[in-house]
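Beneath this line is the structure, given in structure tokens, with notes to follow.
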Amino acid sequence: MHNPIRYLYDYLHDRYGPQGWWPLFHAPGQKRQARGDDEPRYHHGDFSYPRTRLQRFEICLGAILTQNTSWRNVVDALRNLRRITYLQPKRIVDTPRSSLITAIVPARYYNQKSRYVCEFTHWFLRQKKQPTRDELLARIGVGNETADSMLLYAFTQPEFVVDAYTRRIAVFLGQVRDTARYDDIKQCFRERLKADVPVFQEYHALLVEHAKQYYVRKPWGENDPLREKFCRR
DNA sequence: TTCCAGGCAATAC
DNA sequence: GTATTGCATGGA
């Protein structure tokens, strides 16, 4: 196998198809459902999103809320926030903290995350240009993965996102040592791929999908069909 | 009942 | 510098 990282991408894309991350409530051209119980929408194969500042902001919110939390729960929290703020930054900063907390309860760590959301939103309102990675990392509640998710999906910068699933897969398939750090794993993928925003966006989403199939329960990767294709350890 | 989710900051060593 | 701990919901 000439380039295992490229091979892995092609395999996942063939198997699962375009993932269309990041899902958005604020998707133009789609009517809001009257009942208000709709889901954020994926945009499979359409890499023209996000198109507006409001959509970028919504992605950033989701990136904070989904830290160590299932997306299913995050959707509930985003829906609550939409009900009281329309997911608009100006409304969020004018909303009492107690109301934000109540809305964020389904997304776990609601005391911490309400603070993160609040402080991030104040910063977002002041920030007029494209943020740098260091500027994002300087926000309370924004670490490596969250910063890269924001850059890749909200600000369409070619930053590869490494999450716990990426680590499990990369380690199991022998691409990095189990002692590898965030930047080591990121570098492993980046140096074997051309810097390409759509590919990076799809790759991360595909790894999450694949991990949900084979890397949730221990022993991680046991039944992964890719096991035979990769020389491990 | 137990395990797990699209981490981060604070603290301990 | 690395390792551990607190955070704290809802679904499988």
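What's counted below: heavy atoms across the whole structure, side chains too, no hydrogens, waters or symmetry copies. Because the structure is predicted, anything quoted here is derived from the model rather than measured.
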Give each protein N/O atom lying under 3.5 Å from an N/O atom of nucleotides 9-12 of chain B, with the pair distance.
{"unit_1": "B/dA9", "atom_1": "OP1", "unit_2": "A/Gly141", "atom_2": "N", "d": "2.8"}

Nucleotide N/O of nucleotides 8-12 of chain C paired with protein N/O under 3.5 Å:
{"unit_1": "C/dA8", "atom_1": "OP1", "unit_2": "A/Tyr110", "atom_2": "N", "d": "3.4"}
{"unit_1": "C/dA8", "atom_1": "OP1", "unit_2": "A/Asn111", "atom_2": "N", "d": "3.0"}
{"unit_1": "C/dA8", "atom_1": "OP1", "unit_2": "A/Asn111", "atom_2": "ND2", "d": "3.3"}
{"unit_1": "C/dA8", "atom_1": "OP2", "unit_2": "A/Asn111", "atom_2": "ND2", "d": "3.4"}
{"unit_1": "C/dA8", "atom_1": "N1", "unit_2": "A/Arg108", "atom_2": "NH2", "d": "3.3"}
{"unit_1": "C/dA8", "atom_1": "N3", "unit_2": "A/Arg108", "atom_2": "NH2", "d": "3.1"}
{"unit_1": "C/dT9", "atom_1": "OP1", "unit_2": "A/Tyr110", "atom_2": "OH", "d": "3.1"}
{"unit_1": "C/dT9", "atom_1": "O2", "unit_2": "A/Asn73", "atom_2": "ND2", "d": "3.0"}
{"unit_1": "C/dT9", "atom_1": "N3", "unit_2": "A/Arg108", "atom_2": "NE", "d": "3.4"}
{"unit_1": "C/dT9", "atom_1": "O4", "unit_2": "A/Arg108", "atom_2": "NH2", "d": "3.4"}
{"unit_1": "C/dG10", "atom_1": "O4'", "unit_2": "A/Asn73", "atom_2": "ND2", "d": "3.1"}

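- Contacts between residues 146-166 of chain A and DNA chain B, defined by a heavy-atom separation below 4.0 Å, involve A/Thr146, A/Asp163, A/Ala164, A/Tyr165, listed by number.
- For A/Phe155, the ring pair (Phe, Tyr, Trp, His ring centres under 6.0 Å) criterion is met by no residue, not counting sequence neighbours.
- Contacts of A/Phe200 classified as ring pair (Phe, Tyr, Trp, His ring centres under 6.0 Å), with partners at least two apart in sequence or in another chain: A/Phe160.
- Pairs of residues two or more places apart, or lying in two chains, that qualify as ring pair (Phe, Tyr, Trp, His ring centres under 6.0 Å) and include a residue from residues 116-151 of chain A are A/Phe57-A/Phe124, A/Phe120-A/Trp123.
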Name each donor-acceptor pair under 3.5 Å that joins a side chain in residues 61-69 of chain A to protein atoms two or more places apart or in another chain, with its distance.
{"unit_1": "A/Thr66", "atom_1": "OG1", "unit_2": "A/Thr69", "atom_2": "O", "d": "3.2"}
{"unit_1": "A/Gln67", "atom_1": "NE2", "unit_2": "A/Gly141", "atom_2": "O", "d": "2.8"}
{"unit_1": "A/Gln67", "atom_1": "NE2", "unit_2": "A/Thr146", "atom_2": "OG1", "d": "2.9"}
{"unit_1": "A/Asn68", "atom_1": "ND2", "unit_2": "A/Tyr109", "atom_2": "OH", "d": "3.0"}
{"unit_1": "A/Thr69", "atom_1": "OG1", "unit_2": "A/Gln67", "atom_2": "O", "d": "2.9"}
{"unit_1": "A/Thr69", "atom_1": "OG1", "unit_2": "A/Ala107", "atom_2": "O", "d": "3.2"}
{"unit_1": "A/Thr69", "atom_1": "OG1", "unit_2": "A/Lys113", "atom_2": "NZ", "d": "2.9"}

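- Applying the ring pair (Phe, Tyr, Trp, His ring centres under 6.0 Å) rule to A/Trp220 yields no partners; only residues at least two apart in sequence or on another chain are considered.
- Looking at residues two or more places apart in sequence or on another chain, you find a side chain to side chain contact (heavy atoms under 4.5 Å, CB included) between A/Ser48 and A/Asp46, A/Arg51.
- Cluster partners of A/Ile84: none. The rule joins Ile, Leu, Val, Met, Phe, Trp and Tyr whenever side-chain heavy atoms lie under 4.5 Å apart, and it links nothing here.
- Residues satisfying the salt bridge (Lys or Arg N to Asp or Glu O under 4.0 Å) test with A/Asp224, not counting sequence neighbours, are none.
- Listed by chain and number, the residues in a side chain to side chain contact (heavy atoms under 4.5 Å, CB included) with A/Pro219 are A/Glu222 (sequence neighbours excluded).
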